[in-house]
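Worksheet for the structure shown next.
The figures that follow rest on heavy atoms only: side chains count, while hydrogens, waters and symmetry mates do not. Numbering of residues begins at 1 and proceeds along the displayed sequence. It should be emphasised that the depicted structure is a prediction, and the values quoted were computed from it without experimental measurement.
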Amino acid sequence: MFDTLSDRLANTFKTLRGRGRLSEADIDATAREIRIALLEADVALPAVRAFIANVKERASGAEVSQALNPAQQVIKIVNDELITILGGETRRLRFAKQPPTVIMLAGLQGAGKTTLAGKLGKWLQGQGHTPLLVACDLQRPNAVNQLSVVAERAGVAVYAPEPGNGVGDPVKVARDSIEFATSRQYDIVIVDTAGRLGVDQELMRQAADIRDATHPDEILFVVDAMIGQDAVNTAEAFRDGVGFDGVVLSKLDGDARGGAALSIAHVTGKQIMFASNGEKLDDFDAFHPDRMASRILGMGDMLSLIEKAEQTFSQAEAEKMAAKLAKGPKEFTLDDFLAQMEQVRKMGSISKLLGMLPGMGQIKDQINNLDERDVDRTAAIIKSMTPGERADPHLINGSRRARIAKGSGVEVSAVKSLVERFFEARKMMSRMAQGGGMPGMPGMPGMGGGPGRQKKQQKQAKGKRQSGNPMKRKADAAAAAARREEQHQDGGAEQGGGSPFGLPGGGKDFELPDEFKKFMG
């Protein structure tokens with residue numbers, strides 16, 4: 001959703017790099033480019049004016065004029081202002097002192113309230129709560145049935161005493177749900193209310209009646225992030241008519257302009273609390289303004305990536321795998337490789353995970369074109385092998401490759417390529433586990449491969465003085481050839497030229513870095 005805005009801001013900042021100081025003309029030109037970028041992203045005009053005024057004021061001040069790198073300081077200012085316009089600090093849910101906590105969802109029809117009720121229920125269940133979904137949308141055809149299906153998929157309880165389709169009193173259902181939740185010891189009640197195609201008095205009156213009947217601790221306004229500035233107008237109408245405490249953005253994974261996200265907190269004074277960024281029930285999380293600002297500026301979102309990994313990976317399994325790799329590369333088998341790959345797949349879309357890494361905005365076209373089915377093909381190849389072949393891939397000869405290819409429905413070359421990539425990945429992972437650093441990269445503190453190591457390697461690179469005895473020279477040459485052959489068998493054939501972590505083929509067109517290709521097929 002923010003790709004266009006990210007690209008425009010990145011191009012704007014490129015013109016500032018390399019300058020020792022910024023003149024007034026530079027600041028004005030930068031502010032003009034940022035203003036155009038925000039307006040093209042459909043950000044509300046009052047929010048744009050406030051944003052640009054703050055950026056120009058800070059950019060003209062001492063914090064830039066005295067900075068060693070003014071361009072980086074301007075980027076920091078824009079980042080800080082983006083965080084501010086997105087709401088500042090992360091806003092958490094307020095829970096009732098005496099359960100149950102009542103959360104009421106409001107918004108227009110089609111904003112995604114019913115699906116979001118299931119996502120919120122599953123998310124709260126993951127936080128250790130016992131939520132109850134309440135079907136108070138008794139007007140939209142099949143709305144009650146939809147909520148029941150979503151609740152079943154999310155694994156949470158639902159309270160739906162009325163069939164809906166125009167039958168039943170939503171205010172009575174909402175009031176009765178509190179007593180039901182109290183008697184069954186549900187600590188959170190999520191009330192799904194009816195929407196309309198537009199704001200009208202009947203909608204506002206019904207929402208206000210449900211609010212008065214349940215006295216919710218939080219009223220969340222659900223807004224479709226793809227409708228731009230109109231979302232702000234609707235939010236203002238709901239704020240004045242019913243009132244709400246926070247905003248939930250749905251469909252944040254769409255390709256429309258993200259003006260609603262950048263406008264709604266500034267215009268309404270209510271923060272964005274949650275964001276839904278996919279169709280699956282797991283594609284939902286708390287909204288963090290600082291992380292979103294970082295992603296807009298192409299700096300990634302490592303904190304969200306780490307949180308996803310912590311939720312998916314077992315600490316005990318990770319320690320077990322690290323200990324296995326530390327013993328040597330041959331301890332890591334294709335079974336382990338498959339297990340790790342399936343764990344990564346559980347974290348979600350590979351493209352989304354790569355998009356959270358810093359600097360990936362430069363190759364987002366390649367990331368978006370990744371075929372997620374490559375992971376399934378790789379798993380099929382490994383599962384077509386015998387246990388012995390997975391434990392020792394050196395056993396896989398020509399006839400075995402043909403059998404594996406036939407069993408997994410791929411070409412023989414794909415099997416050969418996978419085994420070679422596995423050997424390379426195993427060697428890299430083992431070296432990192434032993435503190436050797438990444439191949440082809442300079443030494444880093446705590447990662448091995450420091451200056452002393454580099455000097456040692458340079459010393460060895462001068463070559464060994466040859467013996468004057470012809471027989472001894474012949475024996476040394478044979479031993480060196482045997483060592484090279486052994487390394488070739490363990491590491492696989494060399495692919496192309498240059499470092500496996502650089503750009504393939506020297507001056508060719510840029511492609512996805514090979515460290516991702518190793519695991520993606």
Side-chain angles (χ1 to χ4, degrees), residues 1-5 38-45 47 85-87 91 103-123 133 136-137 139-143 146-147 150 190-200 203-204 206-207 218-287 289 292 295-296 352:
M1 178 165 285
F2 296 107
D3 282 352
T4 303
L5 177 59
L38 292 173
L39 290 174
E40 285 184 349
D42 207 16
V43 181
L45 189 58
I85 201 173
L86 287 167
R91 161 92 152 74
I103 301 173
M104 175 179 162
L105 303 181
L108 294 182
Q109 188 171 310
K113 293 189 301 301
T114 303
T115 304
L116 197 133
K119 291 184 176 184
L120 179 58
K122 185 171 184 180
W123 185 82
L133 306 188
C136 287
D137 184 356
Q139 296 177 340
R140 181 168 61 88
N142 227 26
Q146 181 191 353
L147 185 66
V150 169
I190 301 172
V191 181
D192 177 32
T193 63
R196 297 288 190 284
L197 295 177
V199 177
D200 58 25
L203 167 64
M204 291 299 178
Q206 186 182 102
E218 294 278 12
I219 302 176
L220 302 183
F221 176 66
V222 183
V223 60
D224 185 343
M226 298 177 68
I227 63 175
Q229 287 195 45
D230 192 49
V232 178
N233 300 330
T234 307
E236 287 183 311
F238 267 89
R239 180 195 62 189
D240 299 336
V242 181
F244 57 85
D245 304 298
V247 178
V248 181
L249 285 177
S250 65
K251 308 177 189 177
L252 201 59
D253 58 323
D255 57 359
R257 296 172 290 181
L262 292 166
S263 307
I264 205 160
H266 179 270
V267 175
T268 65
K270 304 295 183 181
Q271 286 183 260
I272 302 169
M273 295 177 60
F274 297 99
S276 170
N277 56 2
E279 295 180 2
K280 297 180 180 178
L281 291 174
D282 292 323
D283 296 333
F284 176 84
D285 206 350
F287 185 84
M292 183 57 70
R295 293 179 72 170
I296 290 173
K352 286 184 181 179

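In this structure the side chain of Asp245 reaches within 4.5 angstrom of the side chain of Arg91, judged on heavy atoms. Side-chain contact between Val150 and Leu281: present, with at least one pair of heavy atoms (C-beta onward) separated by less than 4.5 Å. Asp224 is not listed as a side-chain neighbour of Leu249, based on a closest heavy-atom distance of 4.5 Å or more.
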Which donor-acceptor pairs under 3.5 Å do the side chains of residues 114-122 make with protein atoms, sequence neighbours left out?
from   : atom 1 : to     : atom 2 : distance (Å)
Thr114 : OG1    : Arg140 : NH2    : 3.1
Thr114 : OG1    : Asp192 : OD2    : 3.0
Lys119 : NZ     : Ser276 : OG     : 2.6
Lys119 : NZ     : Gly278 : O      : 2.5
Lys122 : NZ     : Asp282 : OD1    : 3.1

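Here the CH2-CG distance, from Trp123 to Asp285, works out to 7.0 Å after rounding to the nearest 0.5 Å. Annotation: the span from Met104 atom CE to Thr193 atom OG1 amounts to 5.0 Å, rounded to 0.5 Å. If you take CG on Leu220 and CD1 on Ile272, they are separated by 12.5 Å, rounding to the nearest 0.5 Å. Atom CG of Leu147 and atom CG of Asp137 lie 9.0 Å apart (nearest 0.5 Å).
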- Start with the C-alpha distance between Leu108 and Val222, add both sets of side-chain angles, then the distance that settles side-chain contact (heavy atoms from CB on, under 4.5 Å), and finish with yes or no. CA-CA 8 Å; Leu108 294 182; Val222 183; over 6 Å; no
- Stepwise side-chain contact (heavy atoms from CB on, under 4.5 Å) test for Val248 and Val223: CA-CA 6 Å; Val248 181; Val223 60; over 6 Å; no
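Distance alone, capped at 3.5 Å, places no donor-acceptor pair between the Asp240 side chain and the Ala237 backbone. Listed for the Ser250 side chain is no donor-acceptor partner under 3.5 Å among the backbone atoms of Gly112. Remark: side-chain polar atoms of Gln271 are paired, donor with acceptor, to backbone N or O of Gly87 under 3.5 angstrom.
Residues Phe244 and Lys270 come closest through the heavy atom pair O-CE, 3.2 Å. Minimum interatomic distance between Ala194 and Gln206 (heavy atoms only, all atoms of both residues): CB-OE1, 3.5 Å. Counting all heavy atoms, side chain and backbone alike, Lys113 lies closest to Ala106 at CD-C, 3.6 Å. Closest approach of Phe287 and Ala275 over heavy atoms only: CD1-CB, 3.9 Å.
The aromatic ring centroids of Phe221 and Phe238 lie less than 6.0 Å from each other.
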